[in-house]
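Right, one structure below, let's go through it.
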Amino acid sequence: MKEPFSEHEFAIIPTVVTGNQEMVVVQFLKTAIELLKEARTLEETQEVWQKVNALEALSKKFRLNKEVQLDATELRIRIERRLGEILSQKSESREEDIKKQNQNSSNIYWDSVDSKNVRANRSFTKNEWSKFQLLASTSHELFEAVITDLRTEAAINRQTALSTTGILRAIRNEQKKDREPLFSPIIKPSDNWNFSTIHYGRIDEKAGEDRGYIPGEIYANCFWYYVKPGDLVVAPMAGSGQVWRVYEARQEWMGQHVYDFKLKMFDLTPRGKYKDLITQHDLTKSFPVINPDYIIIDIPYYGMVAQQYSNKSEDLANMALENWQLAMQAISNNCAAVQHAGKLCTVICPNYRDVAKGLIVMIADKIRLLWESAGYILYDKAYSSRRIQQNQTPNMARMNNHAKANRIMLTDITEILTFRKL
Ligand SMILES: C[S@@+](CC[C@H](N)C(=O)[O-])C[C@H]1O[C@@H](n2cnc3c(N)ncnc32)[C@H](O)[C@@H]1O
């Protein structure tokens with residue numbers, strides 16, 4: 001094979017190409033591409049690498065056009081990938097030989113690198129060879145995507161250089177992304193939203209007091225299933241702002257599909273560490289925002305939380321059943337008044353059972369009737385444990401015995417009812 005240029009010719013490039021270095025380097029790069037196509041052995045490929053490496057150095061030294069510099073670097077990296085491929089093939093065939101000869105195979109890699117042929121022409125360090133092999137082991141698609149991205153970045157950003165190390169780093173990052181689970185385990189695949197460990201427990205934890213607070217995971221699942229990117233979401237009974245904590249941490253539970261939406265919070269009695277983000281508002285009077293895409297309401301559980309949030313008479317937690325129902329009716333109408341057809345509204349509600357009084361109130365059914373008469377239809381339903389039974393305290397055992405004796409079950413489930421505006 002006749003070489004279109006020799007080592008010697010490369011050596012004189014700086015002196016002969018005064019004024020027109022760019023054209024000459026471009027021409028030499030084209031020739032190198034042709035040479036690479038014809039190169040079959042490690043030594044031939046390595047020779048082309050040496051020439052391109054010299055061209056790359058020249059293009060930088062003479063500060064040639066950025067594109068020419070990048071052409072040279074890109075070609076050099078591509079040759080390194082090719083060298084890695086050849087080396088890997090050699091390793092494989094040597095491995096085969098070794099297996100055949102039933103020899104000790106512990107040093108296959110370096111044996112092959114140091115094999116007679118390679119040693120004869122070796123100008124690379126062990127570290128460089130291993131980089132080339134890493135380049136070679138990357139899939140064609142990933143390598144092409146990364147080299148294109150980094151080249152584009154290097155072309156527009158002076159701070160970024162195209163380099164073998166940079167390419168390998170980007171490849172590692174992409175591979176790491178691939179290993180990240182597509183979806184978070186916090187998001188449940190079925191309508192049974194029970195969480196073995198609670199990641200977003202109640203914010204103002206007080207020992208022994210866990211009534212009325214849903215695990216934040218319920219908000220995460222509602223957002224996942226019912227909120228689209230860019231939506232305006234309103235939580236009009238946000239209390240201590242658990243909803244905000246979950247919203248803020250969306251990169252934790254959105255897996256590889258993180259997206260943005262807007263969240264506005266209101267409550268009759270804002271409290272807790274997110275208090276300043278929650279606007280005081282009585283939901284029985286009106287809905288505080290127009291055209292919300294999605295409303296999520298964690299209602300005060302009738303009869304279970306009296307005086308827990310405030311001592312205000314307009315606090316639903318403090319109302320008798322009749323007033324509570326009237327207040328919920330007003331709330332369902334207020335939601336319907338501001339939502340357009342097709343928009344969703346979720347109400348999180350457990351049923352109420354009073355063991356001492358022998359009382360069972362089917363709150364979820366009442367909510368459904370109210371929302372349907374306000375102009376919604378039931379769109380979806382999920383269930384989640386309130387984890388009351390998880391507290392294996394003496395008090396819990398006493399309550400359980402009481403419930404069994406009075407033949408009134410305790411309520412452990414919250415229903416998550418989602419309505420669609422007609
Ligand atoms: C079950 S709690 C919501 C707790 C909430 N998920 C949190 O993270 O703290 C019900 C909330 O409804 C609020 N509330 C009661 N009556 C209200 C009314 N008339 N208007 C607006 N909010 C009300 C209470 O202050 C309470 O914060």
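When a ligand or atom number is given, it counts from 1 through the structure's own listing order. Counting from 1, the numbers follow the sequence of the chain as shown.
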### Task
Classify the ring geometry between Trp224 and Tyr259 as parallel (under 30°), tilted (30 to 60°) or perpendicular (over 60°).
tilted
### Task
Would you mind listing which atoms of ligand 1 come within a distance below 4.0 Å of any non-hydrogen atom of Gly239?
9 (O), 27 (O)
### Message
Is there a polar contact between ligand 1 and Val243, counting only N or O atoms under 3.5 Å apart?
### Response
no
### Query
Of all the atoms in ligand 1, which lie at a distance below 4.0 Å from a heavy atom belonging to His281?
20 (N), 21 (C)
### Message
Ring centroids only, cut at 6.0 angstrom: are Trp49 and Phe124 within range, meaning strictly under it?
### Response
yes
### Message
Looking at ligand 1, would Ile331 count as a contact under a 4.0 Å heavy-atom criterion?
### Response
no
### Task
Using a 4.0 Å heavy-atom cut-off, say whether Ala317 meets ligand 1 through its side chain, its backbone, both or neither.
neither
### Message
As an exercise, identify every atom of ligand 1 less than 4.0 angstrom from a heavy atom of Asp315.
### Response
15 (C), 16 (N)
### Query
Do Glu34 and Lys30 meet the salt-bridge criterion of a basic N to acidic O distance under 4.0 Å?
no
### Task
Compute whether any side-chain donor of one residue and acceptor of the other, for Tyr309 and Asp267, lie under 3.5 angstrom apart.
no
### Message
Arg172 vs Gln175, test: side chain to side chain donor-acceptor pair (under 3.5 Å). Steps then yes/no.
### Response
CA-CA 5 Å; Arg172 261 196 309 277; Gln175 286 167 339; over 6 Å; no
### Query
So is Leu316 polar-close to ligand 1, meaning N/O to N/O under 3.5 Å?
yes
### Within-cut-off N or O pair, Tyr309 and ligand 1, under 3.5 Å
no
### Message
Run the side chain to side chain donor-acceptor pair (under 3.5 Å) test against His199 and tell me which residues pass, sequence neighbours left out.
### Response
Glu252
### Message
Show me which atoms of ligand 1 lie under 4.0 Å from any heavy atom of Asp282.
### Response
18 (C), 19 (N), 20 (N)
### Contact atoms of ligand 1, heavy-atom distance to Glu314 under 4.0 Å
16 (N), 18 (C), 19 (N)
### Message
For the aromatic rings, using the six-membered ring if either is Trp, is the centroid distance between Tyr294 and Phe261 under 6.0 Å?
### Response
no
### Query
At a non-hydrogen distance cut-off of under 4.0 Å, which region of Gln242 contacts ligand 1 (side chain, backbone, both, or neither)?
both
### Query
If hydrogens are left out, which of Leu268, Asp267, Ile296 has an atom nearest to atom 24 (C) of ligand 1, that is, the closest non-hydrogen atom?
Asp267
### Task
Answer with yes or no whether Tyr219 contacts ligand 1, where contact means a heavy atom under 4.0 Å from a ligand atom.
yes
### Message
So for Arg271, does at least one of its heavy atoms come nearer than 4.0 angstrom to any atom of ligand 1?
### Response
yes
### Query
What pairs of residues pass the salt bridge (charged side-chain N to carboxylate O under 4.0 Å, His left out) test when at least one of them lies in residues 139-152, not counting sequence neighbours?
Glu67-Arg151, Asp71-Arg151, Glu74-Arg151, Arg78-Glu144
